[in-house]
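In this text, all values refer to a predicted model and were calculated from it rather than measured experimentally.
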Amino acid sequence: MNKKLFRISIITKTPLAQIETSTKTDIYIKKMPVYLTERGMFVDMPYYSANGWRGLFHRVVAKKLISKAFEKGIKFSVADIHLLTAGGGSNYSVQDYETELKVKELNPVVSLFGASLAIKSKLAIGNFMPDKKFILEMKEFSPENKESYCIPRFIDRQMIITKDDLKENDNLNFRLFLTKEDVEKWIKFVEENNKQRAKDRIENKNSEDKTKKGSIKFNINKEFVAPGVQFNSFIYCKEDLTDIEYGLMLLSIEDMVCQPLGSSSSIGYGLVDYSIYDEDDNNIIVAVRKDECLVDININTNYTEKQNYAINKAKEWLNDIKQENILLSKILINNAQKREEEKNKIKQQKAA
């Protein structure tokens, strides 16, 4: 039976953009059709995907284990790192139940998140959907000769222009993000620049006297979710967790809440506050970013006795980590080869 482990709420502190697709002029965030009974219509609702959050959380949990292995001088291959951080891709085939149990006992990261076709994961994570209080806030559009439609008010767009020669226009202070007035001013500059260059050609001016070309090589409209929007999700387990697995999750969530989400984190996107509740709805982790400096974050925990016990068991396991807990790729590959050889042997016997 599936059991909910955590309920998660995040509130965007800076723009949030998880990219779905793009064209030459537009970048679109992830959305899914949601039927709003109150309006009697489907709306493209932005969300943060379970797969995106799960993948980042997977790497955060694996980093704890890998860092401790490096500290202890344990040597392992790139294949082992890939197995721990990304599940190993499609490199590993289905294993027998005995081998799966053995690998899960050796390594809680692989047990929690699985490994390709070889090991089933214990965790499932839901998409982060906007809180109900935000969903009904809509902007309505009625284009000419087209059916009217709605989009959530908390979706916004920003024009991004990157072009070195913007710096060369004395009438425009270069910025990465420009206002509508800035763009109109720049377009006017380009038009005048083109007219002057055409005039220079008619007058047959030499290259030194010609007006230097000014143009926009790259401009794009980027969608994002505005700051101040709440999204909700959950984590549940498909199988019972060991104390070590549960404790490792709790330790890693404290690191996870510091991570930016989505794209453009280099320009400040994706910073969020967290409130995390356990299966009994106790608010066990609160992570709030300071308004004066959003990269600073206060993390407050309120663990139960059971949760503290699990955390201590996870710390003990990390401190006692051995090479056999890391070198898992060979176990899976060798066992898969052995199973294949046995199948071929049976085929040959039947053919004979």
Side-chain angles (χ1 to χ4, degrees), residues 5-6 8 17-21 30 47-72 74-95 99-128 233-239 241-242 244-266 270 314 317-318 321-337:
L5 285 173
F6 304 111
I8 306 172
Q18 189 184 27
I19 306 305
E20 176 72 52
T21 187
K30 283 186 175 294
Y47 69 102
Y48 194 85
S49 74
N51 195 47
W53 198 90
R54 186 183 189 278
L56 179 58
F57 187 45
H58 188 171
R59 293 189 291 276
V60 168
V61 179
K63 184 179 178 181
K64 276 200 169 298
L65 192 124
I66 292 168
S67 297
K68 183 60 70 173
F70 273 125
E71 276 180 32
K72 300 190 76 172
I74 296 173
K75 295 181 180 180
F76 45 91
S77 67
V78 173
D80 291 308
I81 293 178
H82 189 231
L83 178 64
L84 289 175
T85 58
S90 58
N91 299 330
Y92 306 100
S93 59
V94 177
Q95 303 288 315
T99 302
E100 184 174 348
L101 283 180
K102 178 183 177 181
V103 171
K104 284 185 173 183
E105 287 175 6
L106 285 171
N107 193 296
V109 177
V110 176
S111 182
L112 287 169
F113 295 97
S116 186
L117 300 173
I119 308 294
K120 295 178 182 177
S121 68
K122 288 188 175 183
L123 293 185
I125 297 172
N127 289 320
F128 284 75
S233 183
F234 56 85
I235 301 176
Y236 65 84
C237 57
K238 297 177 284 185
E239 299 177 32
L241 302 185
T242 66
I244 292 171
E245 291 165 354
Y246 187 46
L248 188 60
M249 281 189 65
L250 290 168
L251 281 174
S252 302
I253 285 175
E254 291 184 34
D255 293 337
M256 180 66 183
V257 297
C258 300
Q259 303 295 318
L261 301 178
S263 71
S264 302
S265 61
S266 60
W317 184 87
L318 285 170
I321 193 172
K322 299 177 177 61
Q323 195 170 44
E324 64 180 7
N325 301 116
I326 303 291
L327 303 184
L328 305 177
S329 59
K330 285 186 178 180
I331 294 175
L332 297 176
I333 291 172
N334 290 342
N335 187 63
Q337 289 175 347

To the nearest 0.5 Å, what is the distance between [atom1] on [X] and [atom2] on [Y]?
X	Y	atom1	atom2	value
Ile321	Ile326	CD1	CD1	3.5 Å
Met249	Ile235	CE	CD1	4.5 Å
Asn51	Leu56	CG	CG	11.5 Å
Gln259	Trp53	CD	CH2	10.5 Å
Leu123	Phe6	CG	CZ	9.0 Å
Phe57	Ile8	CZ	CD1	8.0 Å

Under the ring-ring contact (aromatic ring centres under 6.0 Å, His included) test, residues paired with [X] that sit two or more places apart:
X	value
Phe234	Tyr236
Tyr47	none
Tyr48	none

- Query: Are side-chain heavy atoms of Leu327 and Ile74 found at a separation under 4.5 Å?
  - Reply: no
- Query: For Ser265, which residues count as a side chain to side chain contact (heavy atoms under 4.5 Å, CB included) partner, sequence neighbours excluded?
  - Reply: Pro260
- Query: By side chain to side chain contact (heavy atoms under 4.5 Å, CB included), which residues pair with Ile81, not counting sequence neighbours?
  - Reply: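 Ile81 satisfies side chain to side chain contact (heavy atoms under 4.5 Å, CB included) with Ile66, Phe76, Thr85 once adjacent residues are dropped.
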- Query: Is it true that a side-chain atom of Asn127 and a backbone atom of Ala50 form a donor plus acceptor pair closer than 3.5 Å?
  - Reply: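 It does hold such a pair.
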- Can any side-chain N or O of Gln323 pair as donor or acceptor with the backbone N or O of Lys75 at less than 3.5 Å? yes
Residues 250-258, side-chain donor-acceptor partners within the protein, below 3.5 Å, at least two apart:
{"unit_1": "Ser252", "atom_1": "OG", "unit_2": "Leu248", "atom_2": "O", "d": "2.8"}
{"unit_1": "Glu254", "atom_1": "OE2", "unit_2": "Tyr303", "atom_2": "OH", "d": "2.6"}
{"unit_1": "Asp255", "atom_1": "OD2", "unit_2": "Lys64", "atom_2": "NZ", "d": "3.1"}

Residues forming a salt bridge (Lys or Arg N to Asp or Glu O under 4.0 Å) with [X], sequence neighbours excluded:
X	result
Lys322	none
Glu20	Lys30
Glu71	Lys68
Lys122	Glu245

- Contacts of type side chain to side chain donor-acceptor pair (under 3.5 Å), residue Arg54, not counting sequence neighbours: Ser121
Determine all donor-acceptor pairs shorter than 3.5 Å in which one atom belongs to a side chain in residues 102-110; sequence neighbours excluded.
{"unit_1": "Lys104", "atom_1": "NZ", "unit_2": "Glu100", "atom_2": "OE2", "d": "3.4"}
{"unit_1": "Lys104", "atom_1": "NZ", "unit_2": "Lys120", "atom_2": "O", "d": "3.2"}
{"unit_1": "Lys104", "atom_1": "NZ", "unit_2": "Glu239", "atom_2": "OE2", "d": "3.3"}
{"unit_1": "Asn107", "atom_1": "OD1", "unit_2": "Val109", "atom_2": "N", "d": "2.9"}
{"unit_1": "Asn107", "atom_1": "OD1", "unit_2": "Val110", "atom_2": "N", "d": "3.2"}
{"unit_1": "Asn107", "atom_1": "ND2", "unit_2": "Asn325", "atom_2": "O", "d": "2.7"}

